[in-house]
Colleague: 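Input: one structure, supplied below.
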Amino acid sequence: VLTLVLTGFVAAIGAVWAVPRLGRWAGIVTGLVPLSLFVALLWMTPAVLGGRNWIESTPWAPALGVSLDFRLDGLSLIFGLLITGVGALVMLYAGSYLRGHPHLNRFYAILLAFMAAMLGLVLSDNLIGLFVFWELTSVTSYLLVGFSNEKAEARAAALQALLITSAGGLALLAGLILVSQMAGTMSLTEVLSTPGLVDHPYYEVALVLLCLGAFTKSAQFPFHIWLPGAMAAPTPVSAYLHSATMVKAGVYLLARFSPAFGDTPMWTVLLTAVGGTTLVAAGVLALGQRDLKRLLAYSTVAALGTMVLLLGVGTPVAVRAAIVVLLSHAFYKGALFLVAGIIDHEAKTRDVTRLGGLRKRLPRTAAAAMVAGLSMAGLPPLMGFVAKELFYEATLYGSDLALLLTVVAVAGNAMTVGVAGIVVLKPLWGEAPAGLSHLHDPDGGMWIPPIVLASAGLLAELVPGFSSAALVRPASSAVLGFADEVKLSLWHGFTPMLGLSVVTVLAGIGLFALQRTWRRLGERLARFARVGPAAAYEGALKGLVWVAKTQTRWIQSGVLRRYVTLILLTLVGLTSWGLIVNWRPALGLGDLGELTRLEAVAIELVAVVMILAGAIATLRSRSRLAAVALLGLVGFGVALLFFLFSGIDLAITQFAVETLAVLLFVFVLYKLPRFASLSSRWQRLLDATLAVAVGAVMTVLVLAVTRAPKSGALGSWLADNAVSSGKGRNVVNVILVDFRALDTLGEITVLTVAALGVHALLKLRPGRLADGPEEGA
Amino acid sequence: MTSIILSTATRLLLPLMLLFSVFLLSRGHNEPGGGFVGGLVAAAAFTLYALAHGPERARRALGLDPAALVAAGLGLAVLSGAIGLFLGQPAMTAQWLDMPLPVVGKLGTPILFDTGVYLVVLGIALIIELSLMETS
């Protein structure tokens with residue numbers, strides 16, 4: 001299973017090199033990657049149906065309990081098949097859609113990386129692994145939405161998508177960590193089999209955090225705003241990420257956690273309320289759109305709302321319904337997005353009011369669109385119909401809020417029918433506007449994928465038992481936590497659900513007939529955007545920038561004294577707080593042994609006098625050169641103390657640093673203006689107070705640390721192990737380059753950045769460039 | 001600031017101090033010393049040279065851009081940490097050759113790491129000092 005995930009990442013790297021060399025074959029060849037993964041998953045399907053779960057584990061950071069664990073069960077399988085299957089079609093399509101694009105290799109690389117990340121997400125059996133893949137999909141989505149990076153609109157949309165989904169991602173991370181604390185494990189399988197998670201005191205917080213992650217990813221109200229914006233991405237991306245796969249990651253998360261977290265009042269209320277609101281709000285917003293892709297985007301939001309609502313209801317029927325909606329939506333919406341891409345590609349517009357009569361010009365495209373549209377409208381014999389019937393069955397039975405939910409469901413579905421009409425009937429039928437008469441079907445790379453997707457939604461029901469047996473049952477069993485019996489059929493007899501379906505379709509036709517009114521209303525509604533979630537996002541973004549600016553102006557003032565003051569104040573504040581909280585009355589020097597012998601004390605006194613005299617003289621000095629030299633005296637005195645206390649390494653380093661520092665000062669001295677005392681008495685008094693405070697706190701700290709009960713344990717451990725495991729007798733050095741090598745690596749990295757900063761400050765000052773060419777530095 | 005004594009002395013001191021810095025680096029694992037001090041001493045050697053002959057000639061004596069030293073050092077440190085990964089162990093696990101080499105003693109990734117530290121410290125100190133000297 002690990003191989004499946006890695007293949008995608010490897011292929012992504014390969015695509016950078018290979019795609020420009022493949023020319024017009026790029027789409028077909030890259031499409032083979034997801035296709036082969038799809039076949040591999042199909043090959044594993046019978047075993048999963050037989051109840052077997054593939055489990056694989058590769059350690060990653062074992063000390064943290066993080067490993068690359070993968071598990072293939074029914075739910076993962078259905079998502080995996082969708083990701084690879086739709087992926088193959090979309091890659092084929094994109095080869096024609098973006099033919100000749102200069103950055104096609106970049107596009108395919110990101111798309112393949114996304115596919116791999118998405119596969120990793122649904123296959124991961126480790127909480128942290130899941131989170132990492134989750135974030136990877138956000139990042140690749142950001143790159144794909146902003147693929148046309150020369151457009152400001154695309155960049156803004158990409159940033160919005162990234163900010164919203166990664167903010168949710170942070171909530172998710174917090175939630176997952178809480179979950180691992182609650183269950184005491186990072187393994188998803190073990191978490192799900194831990195009993196009593198719902199009674200845990202952290203349950204509410206964890207649930208809200210997980211939901212925040214899922215709702216932002218799956219574009220639930222009021223976080224839905226990023227999805228219509230993400231339509232700035234090339235259409236294959238919209239079809240793949242923003243309808244078939246990535247946006248369903250949130251649904252996957254909720255489905256995955258429902259055995260352990262579901263079936264509580266809070267779960268039901270949260271999910272049904274948010275899902276229902278999303279369904280209705282997105283439906284209303286969709287009807288008012290004129291852009292084909294935005295129409296589809298809002299109806300995608302509505303479908304995601306449906307899935308969340310159904311998972312909230314949580315009865316076996318509802319879970320089954322959610323999975324059937326998931327599948328049928330991926331089929332018809334993927335197909336419709338691809339059709340929208342063809343129309344955009346051929347007619348150069350996506351405005352439905354300027355489209356019409358395309359069915360004669362683009363017959364193959366129109367066929368795909370019609371089948372997909374019928375599925376979207378939920379008409380028999382398509383999968384969308386089965387999905388809708390199940391949806392009604394779920395809302396009607398087994399819920400306390402049957403009436404309310406059913407009303408919401410009918411309203412939402414009716415609007416979906418209306419949108420299906422606007423998306424499919426309006427551009428295809430009726431009079432063709434002038435200028436659209438020369439159009440023709442694009443090449444096979446573009447019309448085959450939507451046909452395949454649309455017929456998947458058709459065949460799934462006409463071939464009896466195909467989708468129910470193969471895909472829905474293991475998936476719903478995985479969500480429900482017990483072996484589920486699923487029988488899907490087109491004809492149930494005259495049931496209340498059938499009646500509701502008829503009502504829905506009639507209402508939907510009515511809505512479609514009034515489409516002009518809706519568009520006018522939509523334009524009016526757009527004026528209220530000032531108070532909507534989009535405005536809240538804008539405001540939050542502005543506020544963030546303002547806070548960043550203000551605090552930067554205050555903290556990064558550019559005045560050296562203020563920097564030092566802030567750093568020292570923080571030091572004094574935090575240290576004394578720590579000392580007070582952990583106060584232990586014992587202060588003292590501990591056992592000094594040899595150091596109290598008379599000769600030793602004599603040398604120590606010399607060092608101390610040297611340091612004190614140096615410090616006082618530095619303060620009183622009226623010349624810079626003298627001050628530098630005197631400060632050096634302090635440094636050498638400290639080095640002497642290190643020697644006395646047998647810190648030879650420290651002492652050598654201190655000597656070297658002091659020497660270099662004095663040299664540095666000498667270079668700088670040339671460039672400084674004449675020495676002058678600018679600070680007021682008051683200022684000096686403050687500085688002196690701070691200095692004394694730092695000294696006092698450090699003194700108390702040292703006295704407290706030497707008396708701390710455990711102060712010797714670490715030291716002797718390090719001394720004992722330096723030779724045996726560090727293979728060196730110099731303990732200090734072994735710590736630096738072996739035991740705590742990561743710290744050292746961090747330090748030298750910081751030093752590098754600091755040096756680059758110094759270099760930039762000195763060499764790249766504006767004005768210097770005008771002086772003439774620099775030497776070859 | 002030209003002094004015959006200083007410029008003659010530094011010409012002799014530079015190789016000596018560099019040798020000393022390498023000595024410090026190589027003994028660091030068992031005796032006082034190490035990459036950090038070694039790097040500082042080497043930097044002091046070049047700074048002294050620059051003081052006597054000017055930053056231009058110090059750069060020429062160095063033969064490399066100090067930034068390249070930093071990059072090489074940082075790369076070496078990361079590489080030494082990554083070697084463990086290829087052997088199926090967590091990153092930064094120390095790896096040692098069984099055969100001790102003459103003079104240097106035992107060879108292992110911590111020595112490589114220390115060499116990286118040496119190069120980074122030398123490079124950084126020189127970036128700062130030479131930039132400062134050239135900005136007059």
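What you see is a predicted model; the values in this text were computed from it and never measured. Lettering of chains follows the sequences in order, A, B, ..., and the numbering in each one begins at 1.
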Colleague: Glu56(B) versus Met133(B): any side-chain heavy-atom pair under 4.5 Å?
Modeller: no

Colleague: Taking CZ in Phe642(A) as the centre, count heavy atoms belonging to other residues, nucleotides or ligands within less than 6.0 Å. Is the count above 12?
Modeller: yes

Colleague: Give, for atom CG of Leu640(A) and atom CD of Glu604(A), the distance between the pair rounded to the nearest 0.5 Å.
Modeller: 10.0 Å

Colleague: At under 4.5 Å between heavy atoms, what parts of residues 648-657 of chain A are in contact with chain B? List them by residue number.
Modeller: Ile648(A), Asp649(A), Ile652(A), Thr653(A), Ala656(A), Val657(A)

Colleague: So, taking the atom named CG in Leu51(B) and the one named OG in Ser7(B), what distance separates them when rounded to the nearest 0.5 Å?
Modeller: 11.5 Å

Colleague: With distance as the sole test, does Ser623(A) use its side chain to make a donor-acceptor pair with the main-chain N or O of Ala626(A) at under 3.5 Å?
Modeller: yes

Colleague: If you count heavy-atom pairs under 4.5 Å between each of Val78(B), Leu130(B), Val37(B), Val121(B) and chain A, which one has the most?
Modeller: Val37(B)

Colleague: With sequence neighbours left out, what residues match Phe46(B) under ring-ring contact (aromatic ring centres under 6.0 Å, His included)?
Modeller: none

Colleague: Do you know which of Leu660(A), Thr659(A), Val758(A) has the most heavy-atom pairs under 4.5 Å to chain B?
Modeller: Leu660(A)

Colleague: If you tally heavy-atom pairs under 4.5 Å against chain A, which of Asp114(B), Leu48(B), Val70(B) wins?
Modeller: Asp114(B)

Colleague: Between Thr10(B) (side chain) and Tyr49(B) (backbone), is there a donor-acceptor pair under 3.5 Å?
Modeller: no

